[in-house]
Amino acid sequence: MNKQQNFNDIYTHGFVRVAVCIPEVKVADPDYNAKQIISLAQSACDKKAALCLFPELSISAYSCGDLFHQDALLDSCLMAIEKVTEASKQIAAFMLVGAPLKIEGALYNCAIAIHRGQILGVVPKSFLPNYREFYEKRQFCSGRDCLLNEISLFGEKVPFGADVIFNATDVEHLRIHTEICEDLWTPIPPSTYAALAGATILTNLSASNITVDKARYRRDLCARQSGACVAAYLYAAAGPGESTTDLAWDGHGMIFENDELLVESGRFTPGPDLILADIDLERLAQDRMRLTSFHDSVTAYRDLVKQVRRIDFTLDPPTASLPLKRQVNRFPFVPSNTEDLDIRCYETYNIQIHGLAKRLKSSGFEKLVIGVSGGLDSTHALIVAAKTMDRLNLPRTNILAYTMPAYATSKKTKDNAHILMESLGVTSREIDIQPSCDQMLKDIQHPYAEGKDVYDVNFENVQAGERTSHLFRLAGQNRALVLGTGDLSEIALGWMTYGVGDHMSHYNVNCSVPKTLIQHLIRWIANQDDFAQATRDVLTDIVNTEISPELVPGEADAEEPAQKTEDKVGPYELQDFNLYWITRFGVRPSKVAFLALHAWHDAKQGAWPSTLPKENRKQYTLAEIKQWLEVFCYRFFKISQFKRSALPDGPKVGSGGSLSPRGDWRAPSDGEARVWLEEVKNIPDKL
């Protein structure tokens with residue numbers, strides 16, 4: 001984003017607003033239907049939609065039957081198309097309208113592409129259903145049989161065929177393809193080749209009468225096609241007004257983006273309906289760029305892909321302030337839906353257990369060594385370890401758990417560590433590492449050893465290093481593996497002591513699990529029946545404790561830690577949001593801030609994970625979002641990669657990311673952060 005662009009405009013950030021329009025029609029009354037189409041298109045345009053999709057044969061209505069062979073009806077359809085085209089001069093949106101067209105003695109079921117008073121192209125239906133209740137071959141010919149690639153319409157030459165993409169020259173990545181109803185029901189829909197040829201918005205003008213459970217099947221078809229083609233898929237089915245002589249119609253509208261349902265219309269509505277969503281074109285382009293198999297498919301079908309034609313047009317999208325119209329999850333790693341959250345926690349938990357069980361079996365070791373601080377990460381890793389021992393039919397006493405207090409350990413976290421270890425039945429012990437830290441500080445002539453209150457990074461690292469050094473020596477002595485506890489968020493921010501510190505272990509079950517998900521995992525586990533009530537109670541207390549490294553001393557016998565991690569590196573809920581969008585989709589910081597503001601500006605709006613207490617539901621200003629995004633970009637891109645380049649093994653958990661140098665993230669340790677930090681500087685402090 002440059003300084004001249006409007007930050008609060010979706011088009012600045014690679015989105016486009018689209019509409020699915022379900023008009024109320026009258027059978028065989030094109031003039032009436034044209035008025036309904038114009039009215040709905042104008043309403044969508046008033047809401048700043050750039051594309052309006054209407055159902056199949058919406059000019060005539062789908063259920064005309066043999067009336068399609070009446071010249072009076074076909075002539076009236078032409079006049080209605082002309083009326084819609086004329087009205088489109090005052091409508092900024094690109095329109096796709098369904099109509100029957102007679103071409104050189106054959107009748108075709110067509111989609112008419114209209115923009116700003118011009119017909120840009122005509123797309124005929126390729127596959128005509130002629131089974132059960134469908135008799136389309138009685139009236140129509142397949143577009144595949146037509147030898148023409150352009151037709152004359154209202155005195156103008158117009159591209160004709162299912163092999164056209166409408167390319168907006170002034171909106172990057174906006175390339176539209178359309179197909180008609182049954183085309184999607186086939187093994188290889190025409191939109192597949194269009195997507196391989198670059199189309200990002202796939203549309204379907206449908207009639208599709210409703211029968212029991214058919215709506216679910218439609219959803220599955222649209223979701224799969226949008227996912228397989230890495231595209232948006234817009235679907236508009238015929239609704240109110242169609243003939244119910246033998247069939248019924250539900251007016252089903254849907255908008256998908258890469259397998260995700262963004263919005264769905266109400267069904268069986270008595271009047272016209274309109275749904276809108278903002279499609280992330282940049283996200284689609286990013287995903288396609290990463291997917292080598294997508295480009296391999298382009299090559300595999302090169303002859304068919306080459307035949308696809310591009311029809312250029314200028315969209316001239318709205319440039320005014322246009323906030324985002326779609327849901328953006330505050331917690332991209334944590335579903336808000338209770339059922340989805342349950343599945344996410346179950347799968348994450350079992351991936352970790354499975355990974356650790358395999359590592360133990362392959363190593364020939366049956367014991368684990370783990371440091372337990374009473375904080376989130378070590379708590380969850382210990383729970384995973386306990387469940388892994390259960391799976392392997394090994395005693396939990398094979399887990400050698402150590403809490404190692406030092407200068408800043410609070411009473412609360414130490415007590416919780418002991419309660420947790422005891423309730424789980426592991427072998428537990430407390431080792432006071434303060435004497436060994438004193439010796440180290442004295443040996444290196446640190447000012448603290450001379451009685452000075454100097455609590456610098458080296459003071460902190462001595463403690464982290466002593467803990468890790470003890471764990472590795474204990475592992476060697478007991479023929480055990482050191483279990484790592486550091487999470488994905490800390491790895492992203494470089495919030496760990498390199499080498500002989502919490503950076504290192506023999507195996508790390510948390511390395512792909514972000515802090516926000518660990519919090520919800522612990523809450524989820526506390527609500528299960530897998531562990532004793534004492535364990536579940538202490539888990540709840542631990543997850544509600546302030547996050548702290550506990551390395552800088554506070555007041556003596558303090559109940560709470562003196563340090564607060566989030567004061568230094570930022571709120572983990574924001575940093576996990578930044579991590580997801582930057583590493584998963586590679587989007588620029590200004591867009592991340594735009595999405596974050598939409599998600600976090602008002603705590604009263606949008607969905608929250610059911611397990612998150614109401615008092616923990618926060619909101620952030622644009623200035624706060626910008627502040628912590630700058631911290632993220634500096635830490636992630638400038639100072640932390642060398643730590644990630646030497647990470648121990650651990651299982652990848654979610655598609656949202658792993659930063660393993662052997663997997664999802666391979667980057668130079670000496671790269672620069674300037675381009676990201678300059679992007680952040682161009683973000684306004686407020687709207």
Side-chain angles (χ1 to χ4, degrees), residues 1 13-14 230 257-258 260 280 282-292 328-335 344 348 351 377 486-496 503 508 510-518 569-596 598-600 625-626 628-680 683:
M1 188 191 80
H13 302 287
V230 195
E257 180 184 292
N258 199 6
E260 178 185 354
D280 191 344
E282 287 185 345
R283 172 185 172 180
L284 297 174
Q286 269 279 347
D287 271 351
R288 286 184 178 181
M289 182 176 67
R290 293 166 190 260
L291 294 173
T292 55
V328 177
N329 291 334
R330 293 179 174 91
F331 299 93
F333 297 101
V334 184
R344 180 72 54 88
T348 299
I351 288 169
D377 295 342
D487 64 54
L488 181 67
S489 309
E490 294 178 341
I491 291 169
L493 294 163
W495 192 248
M496 53 191 171
H503 167 261
N508 184 0
N510 288 342
C511 65
S512 184
V513 188
K515 187 78 75 178
T516 48
L517 181 53
I518 283 184
V569 299
Y572 276 114
E573 54 197 12
L574 276 186
Q575 299 300 34
D576 281 358
F577 187 95
N578 297 334
L579 168 66
Y580 177 82
W581 284 99
I582 286 175
T583 62
R584 172 65 179 83
F585 296 110
V587 300
R588 62 185 66 84
S590 57
K591 182 170 181 174
V592 177
F594 176 73
L595 293 168
H598 180 74
W600 287 98
I625 289 167
K626 178 181 178 180
W628 295 118
L629 181 56
E630 183 175 20
V631 169
F632 179 89
C633 289
Y634 176 74
R635 296 190 67 94
F636 183 83
F637 289 107
K638 182 62 178 176
I639 66 171
S640 303
Q641 181 56 41
F642 78 100
K643 297 180 182 180
R644 293 190 288 270
S645 294
L647 287 176
D649 294 349
K652 178 178 177 179
V653 166
S655 63
S658 159
L659 295 176
S660 167
R662 300 165 296 277
D664 276 18
W665 190 258
R666 306 179 191 195
S669 296
D670 48 7
E672 296 296 332
R674 183 176 60 84
V675 294
W676 291 271
L677 294 174
E678 287 184 355
E679 254 275 318
V680 173
I683 300 170

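Note: hydrogens, waters and symmetry copies are ignored here, and every other heavy atom, side chains too, is used. Throughout, numbering of the chain's residues begins at 1 and tracks the sequence.
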Item to check | Side-chain donor/acceptor of R635 to backbone N/O of S640, under 3.5 Å | outcome: no
Item to check | Separation between CG of L291 and CD of Q286, rounded to the nearest 0.5 Å | outcome: 10.5 Å
Checklist entry - Taking the side chain from N508 and the backbone from G486, do they hold a donor-acceptor pair closer than 3.5 Å? => result yes
Next on the checklist: Tell me if the centroids of the rings in Y572 and W628 come within less than 6.0 Å of each other.
Outcome noted: no
Checklist outcome for this item: Distance col, row L677:CG vs E672:CD, nearest 0.5 angstrom, shows 10.0 Å
Item to check | Side-chain donor or acceptor of Q641 paired with backbone N/O of G671 under 3.5 Å | outcome: no
Checklist entry - For the side chain to side chain contact (heavy atoms under 4.5 Å, CB included) test, which of N510, L517, I518 pairs with P514? => result L517
Checklist entry - Hey, does the side chain of R288 reach the backbone of V230 with a donor-acceptor pair shorter than 3.5 angstrom? => result yes
Checklist entry - Rounded to the nearest 0.5 Å, what separation is found between the CZ atom of R666 and the OG atom of S645? => result 11.5 Å
Checklist entry - Which is it for V631 and Q575 under the side-chain contact (heavy atoms from CB on, under 4.5 Å) test, yes or no, and what are the steps along the way? => result CA-CA 9 Å; V631 169; Q575 299 300 34; 4.1 Å; yes
Checklist entry - Do R584 and D664 sit within salt-bridge range, that is, some charged N less than 4.0 Å from a carboxylate O? => result no
Next on the checklist: Using every non-hydrogen atom in the two residues, find where A673 and C633 come nearest and quote the distance to one decimal.
Outcome noted: CB-O, 4.0 Å
Checklist entry - Where the side chain of K643 meets the backbone of M496, is there a donor-acceptor pair that is under 3.5 Å apart? => result yes
Item to check | Backbone N/O of V587 and side chain of R283: donor-acceptor pair under 3.5 Å | outcome: no
Checklist entry - Which value, rounded to the nearest 0.5 Å, describes the distance between L493 atom CG and K515 atom NZ? => result 9.5 Å
Next on the checklist: Using side-chain contact (heavy atoms from CB on, under 4.5 Å), reason through F636 and N578 one step at a time and then give a plain yes or no.
Outcome noted: CA-CA 10 Å; F636 183 83; N578 297 334; over 6 Å; no
Item to check | Point-to-point distance, once rounded to the nearest 0.5 Å, from CG of L595 to CG of D280 | outcome: 7.0 Å
Checklist entry - Does a sphere of radius 6.0 Å around OH in Y634 hold more than 12 heavy atoms from other residues, nucleotides or ligands, not counting ones at 6.0 Å or beyond? => result no
Checklist entry - What pair of heavy atoms forms the shortest contact from V680 to K626, and how long is it? => result O-CE, 3.3 Å
Checklist entry - Cut-off 3.5 Å, side chains only: do S590 and E679 have a donor facing an acceptor? => result yes
Checklist entry - Going by heavy atoms in the side chains, are L647 and H503 under 4.5 Å from each other? => result yes
Next on the checklist: Before you tell me yes or no, could you show the steps for D576 and V334 under side-chain contact (heavy atoms from CB on, under 4.5 Å), namely the whole-Å CA-CA distance, both residues' side-chain angles and the distance that decides it to 0.1 Å?
Outcome noted: CA-CA 10 Å; D576 281 358; V334 184; over 6 Å; no
Item to check | F331 and W600 aromatic ring geometry - parallel, tilted or perpendicular at 30°/60° bounds | outcome: perpendicular
Checklist entry - Looking only at heavy atoms, what is the nearest atom pair of A599 and V328, with distance? => result CB-O, 3.5 Å
Next on the checklist: Please report the interatomic distance CG(L629) to CD1(I683), rounded to the nearest 0.5 Å.
Outcome noted: 5.0 Å
Next on the checklist: I'd like to check F577 versus P332 (side-chain heavy atoms, cut-off strictly below 4.5 Å). Are they in contact?
Outcome noted: yes
Item to check | Whether over 12 other heavy atoms sit under 6.0 Å from R674 CZ | outcome: no
Next on the checklist: Before you tell me yes or no, could you show the steps for I491 and C511 under side-chain contact (heavy atoms from CB on, under 4.5 Å), namely the whole-Å CA-CA distance, both residues' side-chain angles and the distance that decides it to 0.1 Å?
Outcome noted: CA-CA 7 Å; I491 291 169; C511 65; 3.9 Å; yes
Checklist entry - How about F637 and F632: are their ring centroids closer than 6.0 Å? => result no
